[in-house]
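Just below is one structure, and these are the notes that go with it.
All residue numbers in this chain count up from 1 along the given sequence.
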Amino acid sequence: MTKSSIILNARVVNEGTITEKDIYIKDGRIEQIGTDLQHKSADQVIDANGQYLMPGVIDDQVHFREPGLTHKASIYTESKAAVAGGVTSFMEMPNTVPNALTQELLADKYQIASQTSLANYSFFMGASNDNLSEVLKTNPKDVCGIKIFMGSSTGNMLVDDEGTLAAIFRESPMLIATHCEDEATIKQRQEQYRQQYGEDAPARIHPEIRNEEACFKSSSMAVTLAKKHNTRLHILHITTGDELPLFDNTIPLKQKRITAEVCVHHLWFTADDYETLGNQIKCNPAVKDKRHKSALWEGLLDNHLDIIATDHAPHTWEEKSQNYWKAPSGVPLVQHSLVLMLEAYHEGRISLEKLVEKMCHAPADCFQISQRGYIREGYFADLVLVNTQQESTVSKDVIFYKCGWSPFERKTFKSSVTHTFVSGNLVYKQGNFDESQKGARLVFDR
């Protein structure tokens with residue numbers, strides 16, 4: 001049974017304001033928000049001492065590798081890393097093994113999560129060139145969306161048949177999330193660079209192979225299809241300034257039919273970092289030139305880009321240590337996304353209110369998640385306390401990913417996540433976990 005809790009003297013960051021409040025949590029929900037709740041009785045009392053209290057982060061794009069690739073990660077290990085980083089809900093991608101291309105395989109993942117996930121969860125239904133009838137069986141009320149790889153990021157999940165694409169965009173009953181890179185452009189450039197470098201290619205060619213043209217071609221095609229069919233489209237991990245004009249920043253998020261996400265690593269790293277980090281930051285779409293990083297920040301702050309996520313995608317150190325051509329794409333990020341963005345707050349790049357909007361409120365609004373993503377009476381108590389004055393250093397002994405490494409190793413961040421509540425359960429407290437309660441399946445108001 002979830003304990004009742006009171007959080008006293010918190011600086012609550014919520015809905016564009018920061019206010020000193022106490023929060024009373026009972027039966028998994030926020031029962032009362034007030035200024036004088038210390039007299040209420042509760043099983044546990046936490047004095048926040050002026051720390052910031054935010055809604056739990058909702059990460060709309062992760063790869064937790066289960067089933068099929070559990071040597072890299074599992075729903076249990078990665079959800080543990082997530083809550084340690086203040087991420088209370090995640091939406092996971094279908095390119096597991098086997099790919100989640102049937103309702104039965106999708107149901108299997110929900111079953112695993114119900115038994116092992118410490119965070120709240122949802123799973124995307126995968127689309128391929130030949131599973132349209134399965135895709136259309138997906139229930140919009142209890143699945144976050146349909147995922148289409150419009151680029152060969154993974155296995156046989158590339159959807160490149162124009163008739164299939166048009167049918168999915170026309171008939172999908174729910175949000176479609178797309179990975180947009182043009183396959184023909186990438187293949188042609190891969191050939192060119194293989195001839196130039198042979199097997200000894202450096203990681204820095206990655207953004208030259210998966211270049212701006214590959215991204216824009218595919219994103220603009222997705223937007224054209226969505227406009228034609230009035231599809232609810234969400235384009236994942238935008239990496240170029242070229243793509244920003246595809247998105248509208250003149251209307252509120254809740255009114256948008258076409259939305260976009262940016263990931264923390266594309267806001268943090270640039271192509272210059274391949275020199276020191278190499279394949280560690282090899283990911284699809286690629287980390288690009290610093291002018292794109294500046295453009296992405298601008299697009300985030302002016303609302304061309306709606307959501308901040310991670311695309312958390314762990315691989316073993318051995319896999320990443322192979323040569324450029326063999327090393328898989330993907331970066332483990334979910335444990336450090338919040339402290340990373342708090343670093344940007346310390347640098348004066350983003351306000352706490354905007355950070356919460358993009359990491360907590362916007363994902364809830366974009367996906368129409370029921371009763372999460374905000375600090376409101378009656379909502380589920382998904383909450384995170386952060387100390388912006390307490391440093392945290394990334395080292396092997398406090399990395400909770402199963403892969404055991406991070407591109408931020410030895411980096412000291414200015415802030416720490418101290419407490420994380422998932423549906424009222426204090427699942428993480430200063431390095432310790434309470435695993436007695438599992439996360440819940442996300443429900444959608446659609």
Side-chain angles (χ1 to χ4, degrees), residues 5-25 29-30 32-38 42 44-59 82-89 119 264 267-268 300-301 307-310 334-364 372-377 379-394 398 412-432:
S5 305
I6 294 178
I7 303 170
L8 300 173
N9 308 310
R11 298 167 79 185
V12 174
V13 188
N14 186 56
E15 301 190 62
T17 64
I18 300 177
T19 49
E20 296 265 346
K21 296 285 183 187
D22 302 338
I23 309 278
Y24 180 52
I25 300 164
R29 294 180 184 262
I30 298 166
Q32 195 177 349
I33 301 169
T35 50
D36 193 19
L37 303 185
Q38 66 265 37
Q44 62 187 353
V45 178
I46 296 165
D47 190 341
N49 285 316
Q51 280 183 224
Y52 291 105
L53 182 72
M54 303 172 174
V57 172
I58 301 172
D59 194 333
V83 297
V87 175
T88 56
S89 299
V264 291
L267 293 170
W268 183 268
L300 176 71
L301 297 173
I307 287 176
I308 298 169
T310 64
V334 76
Q335 189 180 334
H336 303 107
S337 60
L338 181 52
V339 287
L340 201 62
M341 293 309 298
L342 287 168
E343 207 69 5
Y345 154 72
H346 282 289
E347 292 167 4
R349 276 184 181 268
I350 191 168
S351 69
L352 291 176
E353 298 93 324
K354 194 74 169 174
L355 184 157
V356 164
E357 177 198 324
K358 297 295 186 180
M359 297 187 87
C360 314
H361 303 335
R372 300 186 191 273
Y374 289 85
I375 299 177
R376 292 174 178 166
E377 289 180 355
Y379 270 48
F380 289 103
D382 296 341
L383 301 165
V384 57
L385 266 174
V386 298
N387 189 334
T388 53
Q389 309 302 312
Q390 180 184 308
E391 291 184 338
S392 53
T393 300
V394 182
V398 287
T412 297
F413 292 110
K414 291 188 168 70
S415 305
S416 308
V417 171
T418 63
H419 300 69
T420 304
F421 285 86
V422 173
S423 299
N425 178 45
L426 183 56
V427 64
Y428 175 79
K429 179 184 176 185
Q430 289 163 333
N432 299 303

I'd like to check [X] versus [Y] (side-chain heavy atoms, cut-off strictly below 4.5 Å). Are they in contact?
| X | Y | result |
| --- | --- | --- |
| Leu426 | Ile46 | yes |
| Asn9 | Asp22 | yes |
| Tyr52 | Leu342 | no |
| Asp36 | Gln38 | yes |
| Thr88 | Val384 | no |
| Leu383 | Ile25 | yes |
| Arg11 | Thr19 | no |
| Val264 | Met341 | yes |

Kindly compute the distance separating [atom1] ([X]) from [atom2] ([Y]), expressed to the nearest 0.5 Å.
| X | Y | atom1 | atom2 | answer |
| --- | --- | --- | --- | --- |
| Leu267 | Ser337 | CG | OG | 11.0 Å |
| His419 | Tyr428 | NE2 | OH | 10.0 Å |
| Ile7 | Gln44 | CD1 | CD | 8.5 Å |
| Glu357 | Glu15 | CD | CD | 11.0 Å |
| Asn425 | Ser5 | CG | OG | 8.5 Å |

For residues 379-388, pull every pair meeting salt bridge (charged side-chain N to carboxylate O under 4.0 Å, His left out), keeping only residues two or more places apart or in separate chains.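 Counting only pairs at least two positions apart or across chains, the salt bridge (charged side-chain N to carboxylate O under 4.0 Å, His left out) contacts touching residues 379-388 are Arg372-Asp382.
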
Among Leu352, Thr420, Leu338, Leu53, which residue satisfies the side chain to side chain contact (heavy atoms under 4.5 Å, CB included) criterion with Val386?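 Going through the options one by one, the only one that passes is Leu338.
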
Let me know which of Thr35, Ile375, Asn14 forms a side chain to side chain contact (heavy atoms under 4.5 Å, CB included) with Lys21.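 Only one of Thr35, Ile375, Asn14 forms a side chain to side chain contact (heavy atoms under 4.5 Å, CB included) with Lys21, namely Thr35.
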
Partner set under ring pair (Phe, Tyr, Trp, His ring centres under 6.0 Å) for His361, not counting sequence neighbours: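 Result, ring pair (Phe, Tyr, Trp, His ring centres under 6.0 Å) vs His361: Tyr374.
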
What's the shortest heavy-atom distance between [X] and [Y], and which atoms?
| X | Y | answer |
| --- | --- | --- |
| Ala309 | Asp59 | CB-OD1, 3.4 Å |
| Ala364 | Ile58 | CB-CD1, 4.0 Å |
| Ile6 | Leu8 | CG2-CD2, 3.3 Å |
| Ala119 | Val87 | CB-O, 4.2 Å |

When you measure from the side chain of [X] to the backbone of [Y], do you find a donor-acceptor pair of N or O atoms at a distance under 3.5 Å?
| X | Y | value |
| --- | --- | --- |
| Thr418 | Leu385 | yes |
| Gln335 | Val398 | yes |
| Ser416 | Gln390 | yes |
| Glu377 | Ile33 | yes |

Name each donor-acceptor pair under 3.5 Å that joins a side chain in residues 343-350 to protein atoms two or more places apart or in another chain, with its distance.
| unit_1 | atom_1 | unit_2 | atom_2 | d |
| --- | --- | --- | --- | --- |
| Glu343 | OE1 | Lys414 | N | 2.9 |
| His346 | NE2 | Thr388 | O | 3.3 |
| His346 | NE2 | Ser415 | OG | 2.9 |

